[in-house]
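Keep in mind that this is a model prediction, so the values were computed, not measured. Naming convention: chains lettered A, B, ... in sequence-line order (proteins, then strands); numbering from 1 in each chain.
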Amino acid sequence: MAAHLKKRVYEEFTKVVQQQHEDLSAKKLRLTKPSKSAALHVDLCKATSPADALQYLLQFTRKPVEVESVEGVVRILLEHYYKENDASVRLKIASLLGLLSKTAGFSPDCIMDDAINTLQNEKSHQVLAQLLDTLLVIGTKLTENPAVRMRLVEVACKHLTDSSHGVRNKCLQLIGCLGPVEKGVAKEAESQAAKDVQKIIGDHFNDQDPRVRTAAIKAMLQLHERGLKLQQAIYNQACKLLADDYEQVRSAAVQLIWVLSQLYPESIVPIPSSNEEIRLVDDAFGKICHMVSDGSWVVRVQAAKLLGSMQQVSSHFLEQTLDKKLMSDLRRKRTAHERAKELYSSGEFSSGRKWGDDAPKEEIDTGAVNLIESGACGAFVHGLEDEMYEVRIAAVEALCMLAQSSPSFAEKCLDFLVDMFNDEIEEVRLQSIHTMRKISNNITLREDQLDTVLAVLEDSSRDIREALHELLCCTNVSTKEGIHLALVELLKNLTKYPTDRESIWKCLKFLGSRHPTLVLPLVPELLSTHPFFDTPEPDMDDPAYIAVLVLIFNAAKSCPTMPALFSDHTFRHYAYLRDSLSHLVPPLRLPGRKLVSSPVSPSIVPNEDPSQQFLHQSLERVYNLQHLDPQGVQELLEFTIRDLQRLGELQSELAGMADFTATYLQCQLLLIKALQEKLWNVAAPLYLKQNALASAAAKQILEETYKMEFMYSGVESRQVVIIHHMRLQAKALQLIVTARTTRGVEPLFGMCEKFLQEVDSFQRCFISELPHMQGSFVDKLLDLMPRLVTSKPSEVVKILQTTLRQSTFLHLPLPEQLHRATANIIEPTGESDNPLRFTSGLVVALDVDATLEHVQDPQGTVKVQVLYPDGQAQIIHPKPADFRNPGPGRHRLITQVYLSHTAWTEPCQIEVRLLLAYNSNKSKASAKIPKSTWSESLEALPQSENGIEGTIPFSKPVKVYIMPKPARR
Amino acid sequence: MSYLSVLFLRPGAGQDVGRSCILVSIAGKNVMLDCGMHMGYNDDRRFPDFSYITQNGRLTDFLDCVIISHFHLDHCGALPYFSEMVGYDGPIYMTHPTKAICPILLEDYRKITVDKKGETNFFTSQMIKDCMKKVVAVHLHQTVQVDEELEIKAYYAGHVLGAAMFQIKVGCESVVYTGDYNMTPDRHLGAAWIDKCRPDLLITESTYATTIRDSKRCRERDFLKKVHETVERGGKVLIPVFALGRAQELCILLETFWERMNLKAPIYFSTGLTEKANHYYKLFITWTNQKIRKTFVQRNMFEFKHIKAFDRAFADNPGPMVVFATPGMLHAGQSLQIFRKWAGNEKNMVIMPGYCVQGTVGHKILSGQRKLEMEGRQILEVKMQVEYMSFSAHADAKGIMQLIRQAEPRNVLLVHGEAKKMEFLKQKIEQEFHVNCYMPANGETTTIFTNPSIPVDISLGLLKRETATGLLPDSKKPKLMHGTLMMKDNSFRLVSPEQALKELGLTEHQLRFTCRVHIQDPRKEHETVLRVYNHLKGVLKDYSVQHLPDGSITVESILIQATAHSEDQGTKVLLVSWTYQDEELGSFLTSLLKKGLPQSTA
């Protein structure tokens with residue numbers, strides 16, 4: 001049965017498309033072909049001077065050309081090409097040829113011969129280069145055809161001896177993009193030209209023109225990317241190129257060396273001027289390290305970036321990168337890092353340094369000092385000290401990647417990373433803090449390092465401070481003094497920047513739970529308890545005191561002896577905090593008390609499943625009951641929706657899922673209600689009120705479906721199809737309602753057609769999902785499609801109405817993870833009674849700070865809406881740079897909104913809220929339809945869903961009190 | 001073979017720190033690099049001895065130009081003396097910031113020597129002004145044509161604002177003079193940079209020839225931490241500095257730190273010279289580092305928000321503060337006054353950011369002396385903390401090597417350093433780069449022989465003809481060409497022989513070689529010829545071998561004729577004749593024919 005159904009569906013499908021296709025192409029052929037090419041022909045013949053001809057060609061370029069007429073146009077262009085004497089016009093024609101062969105759906109093999117022929121007689125180097133470019137375009141369109149590729153490569157090889165760099169450049173590019181990659185095939189089939197692409201390209205590594213050298217290296221890289229295994233012999237050539245005079249050559253050569261080092265990490269290369277041999281990856285690493293002190297910063301960035309991905313390098317090479325032998329007057333000197341370490345290990349606390357403390361100690365053997373090492377010595381030391389911050393960032397990133405794979409290296413690079421916390425550019429500081437966080441599993445901070453890290457807590461930039469809090473969340477501290485220091489500095493931070501409260505508490509929570517044994521000896525001091533005297537009870541609302549308690553309670557969780565040290569009020573405070581800040585304070589097993597939290601802590605874990613079970617059960621119930629009498633269904637739906645909403649409030653993990661299903665059921669309920677109305681049995685005009693109700697329902701369903709599609713992250717195509725299906729039903733409902741209320745048939749024609757188009761596009765988008773939708777509205781509709789297409793609007797409406805009522809309602813499968821996008825505006829708080837005063841006509845900047853969760857691509861979708869009391873609304877697009885990404889799935893928007901208005905007599909409140917913009921064109925479903933590249937200007941897609949754009953408010957509005965004053969004269 | 005000589009004027013910069021004055025003659029041009037003075041002397045020895053350059057006759061006639069690398073007095077202090085008192089009217093080149101700041105320093109120096117110390121026979125303010133009128137300012141990377149042959153070009157050198165390295169070029173010979181430079185960027189200046197200009201000689205400073213310095217970040221962090229801690233404790237920080245250079249760096253460092261950490265304690269800067277200089281720093285933003293250049297649109301970093309001008313009365317204010325005061329070695333002036341006031345309190349701190357000469361208060365406290373005897377037999381007890389921080393803007397050994405690697409010179413010459421240290425560096429340079437390295441003493445002349453390439457004009461026709469014969473021209477390999485070199489009117493030209501003959505009015509002579517080869521062949525002459533023809537045709541496939549109707553054979557332009565031997569009819573004599581140009585082919589043919597004809601063809 002299922003197979004039969006499927007077959008039928010496919011039959012229907014092909015039928016429809018064929019019909020459409022036929023009349024489409026027929027129309028276009030008749031309309032466009034003669035006019036386009038003929039007009040061009042006439043224009044070009046009319047042209048009296050090269051300038052004229054160029055002008056015509058330029059105009060022609062602006063208009064799109066249909067697939068069918070491309071070939072004709074190409075022929076005409078070629079004809080003119082042969083006649084044309086002026087090189088610039090020929091150049092333009094050549095470039096047009098390339099552009100035209102890019103047209104989607106056009107297969108350029110028919111014009112390839114002509115294009116190759118034109119090459120033969122061409123004298124101008126520029127035109128030659130352009131023609132080769134055109135061939136490249138043709139070649140890339142015909143990659144499946146090896147014969148064509150071979151031929152093009154042959155042509156390119158022939159022109160490699162050209163004296164112009166541009167032509168050689170293009171030839172190399174062409175060989176790189178089209179050269180044969182499969183070794184075996186190339187050898188037997190096309191013996192001559194396919195010789196050895198690598199050798200041909202390699203010969204041009206020594207070209208006299210730097211641009212050609214660069215192109216040769218790039219071509220080689222291109223070959224690598226296409227899957228050809230490069231020969232190891234190239235390595236030596238590439239190494240020579242590292243000393244090239246031109247930066248682009250060096251930059252490309254660094255890349256090539258990197259590629260080779262990844263291909264042949266273990267092969268052995270000799271060290272020049274000695275008998276030793278080392279692994280290739282080590283040698284390459286040394287060479288790239290050397291480039292970190294190159295003269296050009298572009299090369300330096302490139303080199304520093306690539307270092308990060310060379311993880312196979314041996315550890316002693318790696319550690320050299322952080323090593324820089326210091327000396328002063330030929331005597332060995334210890335670095336500040338070494339001194340700090342020594343100071344630390346000798347147990348002496350940091351004292352003010354005395355003159356001569358850093359005085360050099362031992363004598364150095366002059367012969368042993370290598371000033372410019374061939375090895376990796378000090379590469380990162382140089383990279384981190386570089387003048388350009390781009391290089392520094394690249395170096396920090398590389399350091400991060402290498403440290404993640406090597407714990408011992410992580411330990412070593414710590415000092416340098418800590419130093420970067422004091423960089424002059426904020427981006428670099430931030431990057432190094434993030435890096436440190438990423439490698440924090442591998443490291444333990446020494447006290448002096450912690451000291452430096454904590455000093456940054458006073459930074460005035462909020463991003464830095466928050467990044468640092470995140471870092472502290474996952475650092476290991478070695479001593480109890482360290483913990484104390486961290487706490488003191490965090491409290492200092494808290495007094496200086498009270499807004500950091502939440503972040504600091506969170507940080508202390510993790511700090512406590514990570515180091516319970518280190519916190520334990522500190523408890524009496526922190527709680528300022530005394531063995532004999534009662535100390536005054538601290539203020540419960542003091543954020544600093546709460547911070548201390550958070551630290552202690554979290555440590556106490558895994559340290560059962562700790563509660564014995566608490567005084568009475570501490571227990572009271574615990575109870576209070578456990579309630580008010582439950583996300584920060586863990587459940588504790590307290591002595592002498594009823595284990596308030598005991599049912600929560602160990603046994604709750606398996607119990608969490610029931611809530612999910614409950615969710616599924618209630619849904620199951622709904623889906624099973626679909627055939628019952630309408631009244632019962634409605635009631636059940638209402639109850640289930642209520643249950644789900646409540647569940648969402650209670651269980652934050654399931655909130656997304658529950659809300660999502662509740663919304664879906666809500667839609668279903670609305671649909672059922674709308675269809676239940678009696679109006680369907682009565683003549684339309686009499687029941688205007690009911691009509692209003694049904695159309696409102698349709699509208700609301702539409703809105704809800706958009707919310708479902710765009711506001712949740714983790715929605716899969718299975719859900720999307722159901723959402724679209726629901727939308728389709730709503731549209732059908734809308735159509736029926738309008739049909740009943742409007743008189744005359746004329747407007748209905750358009751609507752029906754549009755609806756049918758939508759059904760059609762639905763079918764195309766979700767063809768794979770259709771088998772799952774038996775008995776649904778769309779399934780039935782597709783069965784009736786042939787009838788619908790031919791019948792009159794009134795009949796269509798009738799059919800729709802019955803199908804809508806008969807159709808069953810679809811089971812909504814739940815995805816693994818579903819999260820609702822939420823936004824929370826932190827600032828403005830909306831509590832201020834002082835109006836923001838500004839002169840009318842001028843602007844005032846309002847700082848907006850919001851957290852976004854589970855928003856995909858916030859840069860593109862999140863907008864700020866400002867609603868003025870006069871109903872005027874304003875939508876502001878924040879800059880992409882205003883979004884920070886502190887963690888997966890979380891975003892932070894810190895932006896400024898400019899407000900302005902004419903003068904008011906008294907202060908009034910405006911509303912600020914965040915909107916989520918969507919575009920149904922960009923939805924997950926239609927992304928699957930391949931879009932043609934040539935079609936920016938052209939309506940290539942039959943746009944059924946005309947790209948409905950809209951916005952969904954997804955944050956609570958915040959009221960801001962403002963007062964535009966009249967300007968003083 | 002050409003040469004290039006470098007002469008150091010006593011007391012010049014050779015093997016000594018303190019004053020620079022170098023005379024370079026390059027391809028007949030004389031250029032003076034820097035015109036510094038020695039701060040240690042108060043007599044004639046403080047200025048270079050210009051009589052070295054020329055005993056009689058004016059300096060202007062002898063020198064083509066003077067180049068000043070930066071505004072430090074040991075590089076430009078003798079300039080007014082040199083141009084106004086000794087007499088020089090030629091051009092003096094320096095960068096724009098140097099030109100702006102140099103007169104301020106000279107004037108200050110003049111004031112101290114003349115007004116304070118009461119010296120006579122010194123240059124006057126007017127002389128400084130006149131001297132500056134002779135200065136031509138140059139931009140970075142701008143090629144300045146001094147005269148038709150001599151050109152100079154400035155590169156960024158870091159070190160201080162406006163410091164530059166200069167490339168001096170005559171024809172294809174060139175010298176690069178670095179002046180003082182810094183290869184690691186600091187808070188306000190970038191790192192020195194030069195392109196791969198491959199000069200014949202690189203004259204580089206070598207102050208820190210034997211030092212490899214630690215990362216600057218540690219130093220900065222230490223400095224900031226100390227200042228921060230003292231200020232938090234409520235103490236006062238005194239930082240004695242010299243007016244220009246490091247002072248600005250430290251200001252920027254503190255200013256950004258204050259900004260970042262939101263600190264409120266005031267920072268003061270002693271007025272006068274420094275204020276004027278700050279003005280120029282604000283102006284020449286393009287000469288500073290990336291950060292300042294990029295952010296100056298929002299805010300010019302030299303417009304200090306937290307740093308204010310100092311007034312004498314502020315020193316007694318309660319509460320924490322940071323004061324920059326001149327001079328840097330605590331030997332006199334404001335810094336010493338403040339030091340006396342604050343020395344008694346252990347909460348306070350003094351940070352010495354640079355080197356102190358022996359005998360100064362700075363040196364004493366740094367070496368740990370806690371009781372100082374001031375003038376008037378007063379004993380000053382130093383209770384405040386004393387810290388030393390080295391902030392120096394010279395390249396260390398690694399930096400010097402890095403610059404050499406960037407520029408790829410053929411010879412290196414070390415100046416501005418101590419002999420013992422330079423010896424080490426010299427050895428290293430020779431070992432690593434395989435180039436000659438020199439380290440002349442004062443008054444010594446070093447001569448370096450160069451191998452100049454001589455450009456020759458070639459006619460286009462000839463070039464095309466010659467390149468057509470070979471493959472693509474390859475820049476990396478020398479290519480052999482045939483032509484006639486004509487040296488006429490001081491110019492070299494490579495022309496084709498025909499043209500040369502025409503121009504010189506000579507007739508062409510042809511040189512022809514003729515050779516007889518005997519072949520044993522009993523047949524008739526024309527049959528022999530036919531056999532020879534077939535044989536040659538078989539061997540020389542790529543050449544055009546023709547059998548002419550008159551019975552002779554031509555291979556390209558070589559003629560072969562056969563005659564019967566007059567005595568022995570069985571022997572045929574082959575006459576082979578070729579021109580000088582075809583020597584190669586001709587000798588090949590004769591040797592081929594001498595081997596005889598193959599029997600198989602018979």
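Partners of A/Y389 according to the ring-ring contact (aromatic ring centres under 6.0 Å, His included) rule, which considers only residues two or more places apart in sequence or in another chain, do not exist here.
Judged purely by distance below 3.5 Å, without hydrogens or angles, the side chains of A/R168 and A/S163 never pair a donor atom with an acceptor atom. A donor and an acceptor atom, one from each side chain of B/N182 and B/T184, are located under 3.5 Å apart.
Heavy-atom pairs under 4.5 Å with chain A were tallied for B/K291, B/E229, B/Q406; the largest tally goes to B/K291. With chain B as partner, the option from A/V418, A/L384, A/D294, A/I464 having the largest number of non-hydrogen pairs under 4.5 angstrom is A/L384.
For the side-chain hydrogen bond (donor to acceptor under 3.5 Å, both in side chains) with B/Q290, the qualifying choice from A/E390, A/E424, A/E387 is A/E390, the only one to do so.
With a threshold of 4.5 angstrom between heavy atoms, A/Y497 approaches chain B through side-chain atoms but not through N, CA, C or O. For a residue to count as touching a neighbouring chain, one of its non-hydrogen atoms must lie under 4.5 Å from one of that chain's; by this rule A/R429 touches chain B with the side chain only. With a 4.5 angstrom heavy-atom cutoff, B/R198 touches chain A only via side-chain atoms.
Aromatic pair B/H141/B/W193: ring centres closer than 6.0 Å.
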